[in-house]
Amino acid sequence: MVSGGGRRPPGGAWPRGVVRRLGAALPFRRRGGAGNASGEPAEPGPGAPAAAFETPAGPGGADGAGAAATAGAGTPAPGGPGASLGANPAARRRARFQPSPLGLFGIAAAAMFATLLVIQLVSGPFRVEDPQAGADPGTAPEDAATPPEGTARIMVAGDSIAQGSSGDFTWRYRLWRHLRHRAGLDVDFVGPHTTLLDVVAGEQGDSRYADPDFDTDHAALWGSTAADLADSVGEHVAEYDPHYLLLMAGVNDFVAGGSAQSALGEIRDAVSTARVARGDIQIVIGELTPVRGGTGSDPMNARIAEFNAALPGLAAEISGADSPVTVARTARGYAPAEDTWDGTHPNARGELKIAAAFADALAATLHLGEPYPRPLPDVRTGPRRAPEVTAEAVARDVRLTWDPVPGATRYHVFQRRVRPDPDELVRLPMEVAAADTGDTPSATIDRLLAGATYEFVVQPFKGDNGGARSDPVEITAGDDPPPAPEWVRLAEDRRTLVWAQVPDATHFEVWRRPLVCAAPSADPSPPGGDGAQRPDCRPRNDLGPGRGEGWQSAAVVSGDRRWTVAADGAPGWELAVRAHRDFVPGAYSATVVYEVPG
């Protein structure tokens with residue numbers, strides 16, 4: 001690949017004081033060794049500078065920390081211009097070099113190169129030739145983009161849209177899969193970070209991707225502005241040497257009060273800074289995606305639209321023959337009501353649209369891979385992992401617990417009675433917020449019918465998007481039977497059966513069995529009588545309901561503890577009362593004998 005101005009030296013080392021703008025040094029930090037793709041410190045290689053750059057901590061945090069070392073204007077940084085990186089110190093003590101005529105020509109050429117580098121930093125890239133006449137805004141000359149031989153190193157840099165949060169696939173994942181599996185390319189995503197933001201705890205370092213089986217290296221952080229990228233991207237490009245830089249940032253600049261023009265200026269600076277580290281880097285800048293929700297969304301979307309409208313012109317202006325710049329149309333067809341989980345951050349549909357736009361730009365303008373196939377597939381949104389729910393009966397309630405689902409910010413609970421009298425699965429009027437790190441989400445369901453068997457399902461939500469539901473968990477609500485009623489007796493009228501209250505009883509059941517009567521005696525009736533003789537009636541045996549024969553349920557009594565006995569053609573009855581707690585029957589009371597008045 002042909003190198004443009006600012007191309008990295010063959011030894012792999014770069015001066016440690018690179019300029020973001022003329023007369024102002026980049027606020028890079030140094031650390032003891034160059035980093036590797038995982039973000040861990042690595043031993044310096046041959047020809048490497050004694051200290052590599054480290055990103056300043058910006059909004060959202062950064063991996064690692066180090067002492068700040070900002071090179072002042074006009075002060076040569078260690079190993080900077082004028083220093084011989086990797087040279088033998090003894091050679092500096094040799095006699096002064098006297099240049100030959102050919103040497104003088106070399107010095108003049110070096111001076112010209114330095115001048116061109118300054119021009120590139122101030123005015124954009126040095127162009128060997130103009131872009132093709134009639135090229136679309138934001139596109140590069142057709143003959144400028146040449147994919148590298150072998151592995152193509154790609155760095156994704158940006159804010160939360162690119163980094164993602166717990167439970168996300170991320171659009172990086174979808175682009176990587178397209179390039180690797182559909183386009184069949186050998187690609188290596190590079191950058192100082194590998195993780196997501198824990199969306200519940202608000203902390204960096206979460207590795208719970210929806211599918212972690214991809215190259216997770218990146219250079220994006222929540223809260224990053226385009227200004228943060230302009231400050232840090234040069235360091236990252238110098239350290240990881242990508243062939244392609246995919247940029248997408250600017251919304252956080254608007255949140256901080258910046259204008260579209262200032263954000264575009266920071267994007268210009270980010271491109272210039274990246275080229276200092278690698279002059280032939282190929283760049284794709286993504287449009288900003290619209291947002292939804294709140295009173296501030298309209299002015300925010302106005303700035304986003306202004307930024308996106310000017311982006312192709314900026315790309316065309318700063319695109320160079322050795323370092324082409326193109327635009328990914330990530331805002332086209334993007335609907336925040338459908339493509340985000342919170343009005344700002346992409347859900348699975350939004351990730352797919354962003355990845356497809358970057359794939360199209362890489363293929364159409366930079367000739368890397370192929371466009372994303374259309375129509376885009378229909379993908380499910382919300383957390384992908386279903387909760388594993390356990391249920392426990394607690395008195396008359398049921399307590400559900402489950403492990404936190406990555407990315408879930410809240411949960412819905414559904415209930416259905418399985419038996420007796422099955423009903424439909426319905427959502428309960430409750431919402432369970434995501435628990436803090438280390439806590440277990442739970443829900444207690446009350447007002448259940450004792451003895452009934454229920455089925456519960458839990459569904460995780462990330463913002464507005466519902467995810468995979470749990471398998472149903474079945475449990476019978478508290479089935480401890482109530483005790484037997486006491487003080488069962490006939491009231492003074494000898495026709496009303498009464499009994500004492502039973503704790504937790506919801507209703508009572510009256511049982512009866514007719515008395516067994518013998519034939520009347522042959523003895524004459526007493527003097528003065530009418531001559532009628534009463535039968536000799538008594539209980540059949542001493543076995544109550546549940547044990548003896550002939551017992552029948554006579555009535556169900558709710559809200560009262562009395563029942564009027566009817567003769568119903570029998571000379572008398574054995575009576576007993578049984579307490580119930582919903583569907584759980586209790587013990588029977590002692591029996592009482594009732595004889596029909598003669």
Side-chain angles (χ1 to χ4, degrees), residues 29 31-42 52-68 154-176 188-225 228-229 231-233 235-236 239-240 246 248-249 251-252 255 341-342 344-348 351 382-385 387 403-410 433-441 460 462-463 467:
R29 297 177 181 175
R31 61 187 178 193
N36 53 33
S38 65
E40 298 296 329
F53 297 129
E54 183 171 3
T55 310
D63 294 347
I154 300 174
M155 178 181 288
V156 175
D159 52 26
S160 55
I161 304 294
Q163 184 185 13
S165 59
S166 43
D168 286 349
F169 286 98
T170 74
W171 67 259
R172 296 181 282 110
Y173 164 88
R174 300 183 187 279
L175 177 62
W176 181 87
D188 179 19
F189 279 28
V190 298
H193 315 300
T194 62
T195 57
L196 305 160
L197 179 85
D198 184 332
V199 73
V200 175
E203 298 175 351
Q204 286 286 352
D206 195 334
S207 59
R208 295 175 298 169
Y209 286 89
D211 182 357
D213 188 20
F214 79 108
D215 190 344
T216 58
D217 296 327
H218 64 88
L221 283 175
W222 274 62
S224 290
T225 61
D228 293 327
L229 259 65
D231 287 340
S232 63
V233 74
E235 171 197 352
H236 298 325
E239 185 171 356
Y240 297 98
L246 313 185
M248 190 175 180
V251 169
N252 289 315
V255 173
W341 58 266
D342 64 349
T344 300
H345 300 96
N347 57 21
E351 293 170 356
R384 304 312 314 134
R385 201 186 84 185
D403 290 335
V405 173
T409 57
R410 58 193 177 98
D436 292 335
T437 303
D439 294 338
T440 300
K462 185 167 189 177

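This is a predicted model, so every value here is computed, not measured.
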Exercise. Between D198 and R208, is a salt bridge (charged side-chain N to carboxylate O under 4.0 Å, His left out) present by the stated rule, with each step listed?
Worked result: CA-CA 9 Å; D198 184 332; R208 295 175 298 169; 3.7 Å; yes
Taking all non-hydrogen atoms of both residues into account, name the closest pair between [X] and [Y] and its distance.
X    : Y    : answer
G167 : L196 : N-CD1, 4.4 Å
D228 : G223 : OD2-O, 4.0 Å
A162 : A220 : CB-CB, 3.7 Å
H218 : T195 : NE2-O, 3.0 Å
A408 : A434 : O-CB, 3.3 Å
N252 : S224 : ND2-O, 2.8 Å

Just so I know, are the side chains of [X] and [Y] near enough to count as touching, which here means a heavy-atom distance under 4.5 Å?
X    : Y    : value
H193 : Q163 : no
M155 : H236 : yes
Y240 : D217 : no
D168 : Y173 : no
L246 : L175 : yes
T409 : V199 : yes
Y209 : F214 : yes
P212 : S207 : no

Exercise. Going through the distances and angles, do K462 and S165 end up as a side chain to side chain donor-acceptor pair (under 3.5 Å)?
Worked result: CA-CA 10 Å; K462 185 167 189 177; S165 59; 2.7 Å; yes
For this session: Rounded to the nearest 0.5 Å, what's the gap from CG on L197 to OG on S166? Could you check?
Result: 7.0 Å
Seminar exercise, completed: Output for pair (T440 OG1, D403 CG), nearest 0.5 Å, gives 6.5 Å
Exercise. L229 and D231: side-chain contact (heavy atoms from CB on, under 4.5 Å), yes or no, with the steps?
Worked result: CA-CA 5 Å; L229 259 65; D231 287 340; over 6 Å; no
Exercise. Of R172, R174, H345, which meets side chain to side chain donor-acceptor pair (under 3.5 Å) against E351?
Worked result: R174
Problem set entry | D215 (side chain) donor-acceptor with F189 (main chain) under 3.5 angstrom | yes
Problem set entry | Main-chain N/O of T216 paired to W176 side chain as donor or acceptor, under 3.5 Å | no
Seminar exercise, completed: Exactly one of D159, V156, I161 clears side chain to side chain contact (heavy atoms under 4.5 Å, CB included) with M248, and that residue is I161
